[in-house]
Amino acid sequence: MSRAAAVMLDNEPDEDGERGVIINTSSVAGEDGTAGMLGYAATKAALIGMTLPAAREFAGRGIRVNTIIAGGIDTPILDVTGREAAVGQIQFFANPRRLGRSEEFAALAAHIVENGFFNAATPRLDAGYRVPL
């Protein structure tokens, strides 16, 4: 974040004084971690926890900070971590009962960038998924 912000500080501010937007990506495990994922859940929770302080840190310099909490998004990482395991979790999705699409993630990121009032927030993009015990 600090390196991205350093580059953004060279941007000419817009009419609201904004110079840029930082969007971090976390995981539902940061809020719903379970046994066997202590380290992973802790790092994802840290991203969520630093969103507000980072937004406050960069606010006076015209940089907004948000974090998308993603869960069940179909990306190439599933080819490594196990697509079958991810598909097996679909039963715990509220609606729709399918993996998320990368373009759905991109649409949320684009909205965050385009909406200048969206700051210091951590929206979940997960079809209502909650990690089971």
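Since the model is a prediction, treat every value here as computed from it, not as a measurement.
Under a hydrophobic clustering in which Ile, Leu, Val, Met, Phe, Trp and Tyr are joined whenever their side-chain heavy atoms come within less than 4.5 Å, directly or via other members, V87 and V131 fall into the same cluster.
Checked by atom type and distance alone, the side chain of R64 pairs as donor or acceptor with a backbone atom of V113 at under 3.5 Å. Proximity of a side-chain donor or acceptor of N66 to a complementary backbone N or O of I22 within less than 3.5 Å is not detected. Without hydrogens or angle criteria, D16 side chain to G116 main chain gives no donor-acceptor distance under 3.5 Å. Looking only at distances, a side-chain donor or acceptor of R19 sits under 3.5 Å from a matching main-chain atom of N11.
Heavy-atom minimum distance, L99 versus A86: CD2-O, 4.1 Å. Across L108 and P123, no two heavy atoms sit closer than the pair CD2-CG, 4.2 Å.
T51 is not listed as a side-chain neighbour of S26, based on a closest heavy-atom distance of 4.5 Å or more. No side-chain heavy atom of D126 sits less than 4.5 Å from a side-chain heavy atom of I69.
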Name each donor-acceptor pair under 3.5 Å that joins a side chain in residues 29-47 to protein atoms two or more places apart or in another chain, with its distance.
unit_1: E31; atom_1: OE1; unit_2: R124; atom_2: NH1; d: 2.6
unit_1: D32; atom_1: OD2; unit_2: R124; atom_2: NH2; d: 3.1
unit_1: T43; atom_1: OG1; unit_2: Y40; atom_2: O; d: 2.8

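When the side chain to side chain contact (heavy atoms under 4.5 Å, CB included) test is applied to L52, the partners found at least two apart in sequence or on another chain are R56, A120. Residues that satisfy the side chain to side chain contact (heavy atoms under 4.5 Å, CB included) test with A4, not counting sequence neighbours, are M8.
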Q.
For F105 and T75: C-alpha separation, side-chain torsions, deciding distance, then whether side-chain contact (heavy atoms from CB on, under 4.5 Å) applies.
A. CA-CA 11 Å; F105 183 94; T75 65; over 6 Å; no
Q) Could you go step by step and tell me if M1 and M50 meet the side-chain contact (heavy atoms from CB on, under 4.5 Å) rule? A) CA-CA 11 Å; M1 276 195 302; M50 68 186 205; 3.3 Å; yes
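Here D74 contributes atom CG and R98 contributes atom CZ; the two are 10.0 Å apart, rounded to the nearest 0.5 Å.
Sparse packing is recorded around CD of E84, with 12 or fewer heavy atoms of other residues, nucleotides or ligands lying under 6.0 Å away.
Using cut-offs of 30° and 60° on the angle between ring planes, the pair F92 and Y129 is tilted.
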